Amino acid sequence: MNRTWRDYIALCKPKVVALIVFTAIIGMLLATPGMVPLDVLVLGSLGIGGASAAGAAINHLADRRIDALMARTSHRPLPSGKVDTVSAAIFATVLCIVSVAILAWGVNRLTAGLTFASMVGYAVIYSLFLKRATPQNIVIGGAAGAMPPVLGWSAVTGEVDPHALLLFLIIFAWTPPHFWALAIHRHREYADADIPMLPVTHGVDFTRLHVLLYTVILFVVSLLPFATRMSGVIYLIGATVLGAGFLAYALALYRRRDKRLPMRTFGYSIHYLLGIFGALLLDHYARLW
């Protein structure tokens with residue numbers, strides 16, 4: 001079998017891992033008034049990113065039958081035959097062991113343990129069980145995906161701070177409207193693959209309503225850093241503007257039947273998360289200066 005390094009990189013879902021590492025680094029920077037120690041920044045990013053990549057590879061293994069049935073994922077390394085299951089399993093296992101070891105001996109054991117638990121939550125609990133068991137899979141499984149800023153924070157401080165949990169809540173509330181927008185666009189493929197995503201089990205209109213409701217929840221949750229004085233006015237302005245934009249997309253998705261809106265909402269949700277964490281960082285250093 002002709003395997004290339006690009007095929008193994010594709011197993012890692014590099015765009016997802018990049019977003020995870022970004023939010024983890026923001027967590028590190030917010031955890032300290034000064035600069036993050038270079039060794040923690042580098043080793044923490046490598047460990048958290050590597051474990052996330054290992055979880056992504058395990059997800060590919062778990063979903064290889066489903067991926068082969070869906071146009072969006074049929075080109076992935078396993079269903080396309082570019083990488084075999086044994087090689088993918090070995091790759092994921094080695095990557096997991098090395099990443100957790102980097103965190104345990106180069107950062108701290110709390111971060112290593114939390115990172116490993118998050119990877120198991122996504123790669124095993126969500127991918128193997130929740131995804132196939134309940135239409136609330138993305139809500140419950142979203143807890144694992146919301147952990148990166150907590151991991152980044154604990155890498156610097158060696159503890160789980162209440163402010164880090166606010167960052168967790170933002171991503172946790174963001175995950176359902178983000179993913180359900182995509183699920184609306186791909187609901188027929190999920191139905192063909194027999195995956196009980198919300199638009200398959202309860203209909204597209206029901207899912208549109210829940211995208212709107214969770215976006216409202218997200219807007220409220222995003223104001224908590226300001227309400228608790230973790231962040232200041234710069235963040236408040238950014239969170240309000242970005243949240244208003246997300247609400248506008250969610251409301252349009254609920255009211256209109258434009259086939260382009262689900263993916264536009266999905267695309268905006270990614271920019272929203274980048275923007276909200278960028279606003280947190282900008283506010284953090286502006287207040288220090």
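Just so it is clear, the structure is predicted and the values come from calculations on it, not from any experiment.
Around CZ of F219, the count of heavy atoms belonging to other residues, nucleotides or ligands within 6.0 Å exceeds 12. Environment of CZ in F172: crowded, with over 12 heavy atoms of neighbouring residues, nucleotides or ligands closer than 6.0 Å.
Checked against a 6.0 Å centroid threshold, the rings of H178 and F266 count as neighbours. Checked against the 6.0 Å centroid criterion, the rings of Y268 and Y249 qualify as a close aromatic pair.
With hydrophobic clusters built from ILVMFWY side chains whose heavy atoms lie under 4.5 angstrom apart, L130 shares a cluster with V200. One hydrophobic cluster holds both Y122 and M197 under the rule that ILVMFWY side chains link at heavy-atom gaps under 4.5 Å. In the hydrophobic clustering of this structure, I66 groups with I125; members are Ile, Leu, Val, Met, Phe, Trp, Tyr whose side-chain heavy atoms approach within less than 4.5 Å, directly or through other members. Under the 4.5 Å side-chain heavy-atom criterion for Ile, Leu, Val, Met, Phe, Trp and Tyr, W174 and M263 are members of the same hydrophobic cluster. Both L274 and L166 sit in one connected hydrophobic cluster of ILVMFWY residues. Membership requires side-chain heavy atoms under 4.5 Å apart, directly or through other members.
Closest approach of V17 and C12 over heavy atoms only: CG2-O, 3.0 Å. Closest approach of V107 to G44, counting heavy atoms only: CG2-N, 3.7 Å. Residues A92 and A57 come closest through the heavy atom pair CB-CB, 3.8 Å. Here the shortest heavy-atom pairing between S74 and A68 reads CB-O, 4.1 Å. Between R287 and S231, the closest heavy-atom pair is NH1-CA, 3.2 Å. Scanning both residues, V139 and P176, for their nearest heavy atoms gives CG2-CG, 4.0 Å.
In this structure, W180 CH2 and T175 OG1 are separated by 10.5 Å, a value rounded to the nearest 0.5 Å. Interatomic distance, CE of M119 versus CG of L95, reported as 9.5 Å (0.5 Å rounding). Taking OH from Y235 and CG from L281, the interatomic distance works out to 12.5 Å, rounded to the nearest 0.5 Å. Atoms NE2 and NZ, from H60 and K13 in turn, are 5.0 Å apart once rounded to the nearest 0.5 Å. A distance of 11.5 Å separates CG in L167 from CG in L151, rounded to the nearest 0.5 Å. In this structure, CD1 on I48 lies 6.5 Å from OG1 on T111, to the nearest 0.5 angstrom.
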* Given M230 and L30, is the side-chain contact (heavy atoms from CB on, under 4.5 Å) satisfied, shown in steps? -> CA-CA 9 Å; M230 173 185 174; L30 294 179; 4.1 Å; yes

* Step by step, would you call T134 with N137 a side-chain hydrogen bond (donor to acceptor under 3.5 Å, both in side chains)? -> CA-CA 5 Å; T134 171; N137 47 26; over 6 Å; no

* To do: Would you sort out whether Y272 and S222 count as a side-chain contact (heavy atoms from CB on, under 4.5 Å), showing the intermediate values?
  => CA-CA 11 Å; Y272 169 88; S222 72; 3.5 Å; yes

Please report, to 0.1 Å, the donor-acceptor pairs under 3.5 Å made by any side chain of residues 19-27, with sequence neighbours excluded.
| residue | atom | partner | partner atom | Å |
| --- | --- | --- | --- | --- |
| T23 | OG1 | L19 | O | 3.3 |
| T23 | OG1 | I20 | O | 2.9 |

Would you list the atom pairs, donor with acceptor, under 3.5 Å between side chains in residues 205-214 and any protein atom, with sequence neighbours excluded?
| residue | atom | partner | partner atom | Å |
| --- | --- | --- | --- | --- |
| D205 | OD1 | R257 | NE | 3.4 |
| D205 | OD1 | R257 | NH2 | 3.2 |
| T207 | OG1 | G203 | O | 2.9 |
| R208 | NH1 | L253 | O | 2.8 |
| R208 | NH1 | R256 | O | 3.4 |
| H210 | ND1 | F206 | O | 3.0 |

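A side-chain donor-acceptor contact under 3.5 Å links S87 and D84.
For the pair K131 and D63, the salt-bridge criterion is met [side-chain N within less than 4.0 Å of a carboxylate O].
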